[in-house]
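First up is the structure itself, then whatever we jot down about it.
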Amino acid sequence: MTIKIYNTKTRQKEVFKPLVDGKASMYVCGPTVYERAHLGNARPVLVFDMLYRLLRHEYGVENVRYVRNFTDVDDKINARAAETGRPISEITDETIGWFLDDMGALGALEPTDTPRATQYIAPMIAMIEDLIAKGHAYAAEGHVLFKVRSYKDYGKLSGRSVDDMIAGARVEVAPYKEDPMDFVLWKPSSDDLPGWDSPWGRGRPGWHIECSAMAYELLGAAFDIHGGGNDLTFPHHENEIAQSRCAGHDFANVWMHNEMLQVEGKKMSKSLGNFFTVRDLLDQGVPGEVIRFVMLSTHYRKPMDWTEKKRVEAEKTLRKWARLTLDVEASRNLHPDVLSAVSDDLNTPGAFSVLHRLAGSGQKSDLANGLIFLGFEAKDLAQFEDDATGFKFTPTIHGNENADVIQCQTDRILELWKSFRSSEEWSEADRLRTLAEENGLLLKYSKDGSYWAERGPNFDSSKLEALK
RNA sequence: GGCGAGUUGGCGGAGUGGUUACGCAGCGGAUUGCAAAUCCGUGUACAGGAGUUCGAUUCUCCUACUCGCCUCCA
């Protein structure tokens, strides 16, 4: 299947052709690890998880290398350590664990390589020395700066010119800079900050150099795809390109950028107060599969709006598909329509549309296979079906109550309702149903005789006990 | 100020130079003790203007509006 990808560098959709026949390599900018990943962090993770799955499908699991870094040296981390009095390594270790857990809950596969910046200080220093030797960087007052004017294509990726940006005048001009646009490769560390010995004294790397150095170490001078959020296009990726190209590396062939996430139509930001983490959602009982579904329901190059309404719709759809595919063996081959949608610049919304059609026409095993391909693992879906009650995914929704207790109470309520109905005590049955609904528990049954409950609005598990 | 993206039916959201997206909601029907769930059927759309074309929602230009990045947060 031909894979087409929109390349930011050329601003058009191109047929993807790996540098090495039959193998693919990708590098995606990962998080700075000092706090829980917020919902916006999850978008690139899921987008590039889908790319990774597609490439694995096309070239085989063994032939795809996926590098995603952890930035574990950064002033935000230093600040957090100073605030809390905790050692930096403790903060970064903990945050990395959280990140992998949270993203795992969204069905994201772990990359083949997850390098930490602090493990690649030596290659960074070597690269900086090389850049100085080649006249693309200079040392000044313990800093090393990249000479932006020395790279003629600077600004090409993001479509900017150095002169225009300076005219824009939002550039901080430090006294040691030869040119306002020059950016830091290395900076000095005071004794209380993390630092490494270098030819320019004890210091630490600037932000951009790590990706250039780690991509080179792990993927070589040239690799296929570099991805990240479009906020990174400038300056981060522009700077990466400048460094790597000037060091003599071809660097990435294709550049992919996902659009940003919004919440209820607005940018998610701390200042607007609509900022929340993936873990917040999971703790509120939103299943990871639902988050994944909502994220992939919008094409990655369009702004994605996280809304309560989408969350509800996603949950409904997944529940329906889970019921359909329960006990169904997935077909061995991916349905061609699903594959062609995803192969066309990761058109995951199109793939969902195909899945809807498969569900509608009763092609259950193709549906099951398609779901697995899109990252909704069979075992998770089975769990989802168990969760037709909506509770298995809400273990922490109300503090210390555990899911089993809730499940048990729900089962008892269902039993009671069932017995009222079978003995045709309609008024009692209706009274119970109304009461349950008032507390967010929707009682349902189907022709085949099965009974279940769904979580509705106003769900309050603490009131379940009273319903009996 | 600079750069970029977008404007599709009630809502969400794909796609195409001439033919059905799809989902949700709505409406009609089946089923149902009633209501859901489930099943069947069904309507509404391509921001505005100009141009290219036999023909444009789909290409070009202009206008309006929205959003994002350039700033701690992806």
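Naming convention: chains lettered A, B, ... in sequence-line order (proteins, then strands); numbering from 1 in each chain. We use all heavy atoms of the structure for the numbers below, so side chains are in, but hydrogens, waters and symmetry mates are not.
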Inset, instruction - Sticking with atom P, work out how far B/U53 lies from B/A21, rounded to a whole angstrom. - result: 29 Å
Legend entry - d(CZ, A/R311; C1', B/G13) in whole Å: 19 Å
Inset, instruction - Ignoring backbone atoms, establish whether A/K310 has a side-chain N or O less than 4.0 Å from OP1 or OP2 of B/G23. - result: no
Inset, instruction - Please state the C1' separation for the pair B/U66 and B/G26 - nearest whole angstrom. - result: 28 Å
Inset, instruction - If a protein heavy atom is under 4.0 Å from the base, mark B; if only from the sugar-phosphate, S; if neither, -; do that for nucleotides 24-34 of chain B going 5' to 3'. - result: SS-----SSBB
Inset, instruction - Name every residue in residues 337-355 of chain A that has at least one heavy atom under 4.0 Å from any atom of RNA chain B, in order of residue number, or write none if there are no such residues. - result: A/N347, A/P349, A/S353
Inset, instruction - Would you verify whether the NZ or CZ of A/R245 falls within 45 degrees of the ring axis of A/Y151 while also being under 6.0 Å from that six-membered ring's centre? - result: no
Legend entry - A/F234 six-ring face occupied by A/R160 cation (under 6.0 Å, within 45°): yes
Inset, instruction - Just jot down the salt bridge (charged side-chain N to carboxylate O under 4.0 Å, His left out) partners of A/D366, sequence neighbours excluded, or say none. - result: none
Inset, instruction - Figure out the CZ/C1' separation between A/R301 and B/C69, and round it to whole Å. - result: 17 Å
Inset, instruction - Please test A/H57 against A/L334 for side-chain contact (heavy atoms from CB on, under 4.5 Å), starting from the C-alpha separation and ending with a verdict. - result: CA-CA 9 Å; A/H57 182 271; A/L334 183 58; 3.8 Å; yes
Legend entry - Residues A/E210, A/N69; criterion side-chain hydrogen bond (donor to acceptor under 3.5 Å, both in side chains); working and verdict: CA-CA 9 Å; A/E210 65 177 83; A/N69 66 298; 2.8 Å; yes
Inset, instruction - Write down the distance between NZ (A/K364) and C1' (B/U38), rounded to a whole number of angstrom. - result: 12 Å
Legend entry - Distance between C1' atoms of B/C11 and B/A25 (Å, rounded): 7 Å
Inset, instruction - Between A/M304 and A/G159, name the one whose nearest nucleotide on RNA chain B is closer to the 5' end. - result: A/G159
Legend entry - Distance-only polar pair, side chains of A/S212 and A/S244, donor-acceptor under 3.5 Å: yes
Inset, instruction - Report yes or no: does A/R11 contribute a side-chain atom to a donor-acceptor pair with the main-chain N or O of A/L157 at less than 3.5 Å? - result: yes
Inset, instruction - Using the closest heavy atom to pick a nucleotide of RNA chain B for each, name whichever of A/R11 or A/H299 lands nearer the 5' end. - result: A/R11
Inset, instruction - Quote, to the nearest angstrom, the C1' distance that separates B/C70 from B/U16. - result: 35 Å
Legend entry - Short side-chain N/O contact from A/K302 to OP1 or OP2 of B/A14, under 4.0 Å: yes
Legend entry - Integer angstrom distance from the P of B/G51 to that of B/U58: 14 Å
Inset, instruction - Measure from CG on A/N230 to P on B/C67 and round the result to the nearest Å. - result: 16 Å
Inset, instruction - Would you mind reading off the distance between A/E238 atom CD and B/G4 atom C1', rounded to a whole angstrom? - result: 13 Å
Inset, instruction - Using a heavy-atom cut-off of under 4.0 Å over every strand shown, decide if A/Y34 touches base, sugar-phosphate, or nothing. - result: sugar-phosphate
Inset, instruction - Return the value, rounded to whole Å, for the distance between atom CD of A/E259 and atom C1' of B/C3. - result: 13 Å
Inset, instruction - Pick the C1' atom in B/G49 and in B/C40, then give their distance to the nearest Å. - result: 45 Å
Legend entry - Ring geometry between A/H237 and A/H257 (parallel below 30°, tilted from 30 to 60°, perpendicular above 60°): tilted
Legend entry - Distance between P atoms of B/U8 and B/C59 (Å, rounded): 15 Å
Inset, instruction - Starting from P on B/G1, measure out to CZ on A/R160 and report it in whole angstrom. - result: 16 Å
Legend entry - Distance, rounded to the nearest Å, where A/L157 contributes CG and B/C69 contributes C1': 13 Å
Legend entry - A/F352/A/F293 aromatic ring centres below 6.0 Å: yes
Legend entry - P spacing across the pair B/G2 / B/G43, given as an integer number of angstrom: 48 Å
Legend entry - is_close_aromatic(A/H38, A/F275), centroid dist under 6.0 Å: yes
Legend entry - Exam field: side chain A/N7 to backbone A/V254, donor-acceptor pair closer than 3.5 Å: no
Inset, instruction - Using heavy atoms and a sub-4.0 Å distance, could you list which residues of residues 82-104 of chain A are near RNA chain B? By number, please. - result: none
Legend entry - Sugar-phosphate, base or nothing in reach of A/T307, heavy atoms under 4.0 Å: nothing
Inset, instruction - Taking the six-membered ring for Trp and the single ring otherwise, decide whether the centroids of A/F251 and A/F223 are under 6.0 Å apart. - result: yes
Inset, instruction - First locate atom OG1 of A/T325, then atom CG of A/L318, and finally report the distance between them rounded to the nearest 0.5 Å. - result: 9.5 Å
Legend entry - Dot-bracket encoding per residue of RNA chain B, Watson-Crick/G-U cut-off under 3.5 Å, | denoting interstrand: (((((((..(((.....[...))).(((((.......)))))....(((((..]....))))))))))))....
Legend entry - Set of salt bridge (charged side-chain N to carboxylate O under 4.0 Å, His left out) partners for A/D280, sequence neighbours left out: none
Legend entry - Check: A/S190/A/D192 side-chain N/O donor and acceptor closer than 3.5 Å: yes
Inset, instruction - Check for a donor-acceptor pair, side chain of A/T114 on one end and backbone N or O of A/R68 on the other, with a separation under 3.5 Å. - result: no
